[in-house]
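In this text the structure is predicted, and so the values were computed from the model without any measurement. Reckoned from all heavy atoms, side chains included, excluding hydrogens, waters and symmetry mates. Counting starts at 1 for both ligands and their atoms, in listed order.
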Amino acid sequence: MTSGALAHHIARLIEQTGPIPLSQYMALALGHPEHGYYMTRDPLGAQGDFTTAPEVSQMFGELIGLWLGRQWRASGMPAPFVLAELGPGRGTLMADALRAMHKVPGMVDAASVCFVETSPVLRAEQRQRVPQAEWHERLDGLPGLPLFLVANEFFDALPITQYRRDESGWHERYVDHREGRFIPVLAPIALADDRNLTPVMRTSGKGESVEISPASCAIAEAVSARIASHGGAGLIIDYGHARSAPGDTLQAVRNHEFTDPFEAPGEADLTAHVDFEALSRAVRSGGANPHGPVAQGVFLEALGIGARAEALRGNANASQRKDICTALERLTAPSQMGSLFKVLGITPRGAASPAGFA
Ligand code: SAH
């Protein structure tokens, strides 16, 4: 049965307006200003619902910091510049990246650290680790300067629109509330205009689902447009597929376990796999160049995670050495985060291919 303030709010909305689009359900579940999942908690780590790469090991943020350092030097060391992160979680990645960037002379002094973050709880966590940061609600608010940006597990949290094909065509997925429960339903009327179908929709058969994320594409395009006009570079890291493909990838995670996305909105993390082909296309239309995506394991190995782990092991006791091995395995092994997670690079057109994308 429906319980919780957000569930009541959504149930009431559906009562007033009829079923709501899945994208709206997802946006409310995660981002409702008062009761949304991210607004009310720090979901990260063993005590929370899920663990991300920067929380697994400092090596992750350090290598990203060094990658950004290389790109900053390759761009002629612009100063001042914006060092931005979308959805920085606890601020761990940026704290580790900044520590590594201190090895790049002049870089940290020239950086204005900008976080795009909506959650007040996570902003407070970020302030603890990166007190010099400046916070923004949206990408639009960032100063118009060269932009060096990273987003890890940010795009998977942005709302998706889902369609399913049945006998009568493609129908958008909505969410209804019946007998005290939220249930996914299909819009009764099929999409009328076949000319607007995506290439994947054209080749998908009856019973298949297809997802698009207009919010994700708009943000990727805006990042790209800034990099194209002001210079800079970007890294988008997330789990998802390299090529657009049919499939229902909406998932909910709570206490490190999968749960029903429609059971308790606002109480579980809702995500969908990132379509890197769609993001690459958005980057191209923003005017910059996409690179990859490459598998996270391949990317981190190319950046020298093996040598970094070796160096850390040299200064560690036996139990820390074991933790470093476990973390290395977790970040790079194909059976763990190494191949489902992918990395998309962004550079201005005409720039040389960045490290890790050979
Ligand atoms: N990058 C971090 C956290 C990933 S969780 C890490 O790797 O550990 C997703 C992050 O995106 C959280 O910080 C969440 O509050 C933020 N977020 C989610 N939706 C957002 C939105 N629409 N605008 C800004 N931040 C958002």
Which residue supplies the protein heavy atom nearest to [atom], what is that atom called, and how far is it?
| atom | result |
| --- | --- |
| atom 6 (C) of ligand 1 | Thr52 OG1, 3.3 Å |
| atom 4 (C) of ligand 1 | Glu153 O, 3.4 Å |
| atom 10 (C) of ligand 1 | Gly87 O, 3.5 Å |
| atom 21 (C) of ligand 1 | Thr118 OG1, 3.8 Å |
| atom 15 (O) of ligand 1 | Glu117 OE2, 2.5 Å |
| atom 22 (N) of ligand 1 | Leu158 CD2, 3.8 Å |
| atom 5 (S) of ligand 1 | Tyr38 OH, 3.6 Å |

Taking [X] for the side chain and [Y] for the main chain, is one N or O donor matched with an acceptor at less than 3.5 Å?
| X | Y | value |
| --- | --- | --- |
| Lys342 | Gly240 | yes |
| His136 | Val116 | no |
| Arg321 | Ala316 | yes |
| His32 | His35 | yes |
| Glu267 | Ala264 | no |
| Glu211 | Thr249 | yes |
| Ser57 | Phe60 | no |

For this session: Determine the interplanar angle of the Phe299 and Phe357 rings, folded into 0 to 90°, and report it as parallel if under 30°, tilted if 30 to 60°, perpendicular if over 60°.
Result: tilted
List every atom of ligand 1 that sits less than 4.0 Å from any heavy atom of [X], numbering the atoms from 1 in the order shown and giving each element.
| X | result |
| --- | --- |
| Phe154 | 11 (O), 20 (C), 21 (C), 23 (N), 24 (C), 25 (N), 26 (C) |
| Gly89 | 2 (C), 3 (C), 13 (O) |
| Ser119 | 15 (O) |

For this session: Return yes when Pro54 approaches ligand 1 closer than 4.0 angstrom through a heavy atom, no otherwise.
Result: yes
Exercise. Is it the side chain, the backbone, both or neither of Asn152 that has a heavy atom closer than 4.0 Å to ligand 1?
Worked result: both
Exercise. With backbone taken as N, CA, C and O and side chain as the heavy atoms from C-beta onward, which portion of Leu122 lies under 4.0 Å from ligand 1: side chain, backbone, both, or neither?
Worked result: side chain
Exercise. Are Tyr174 and Tyr25 close enough that their ring centres sit under 6.0 Å apart?
Worked result: no
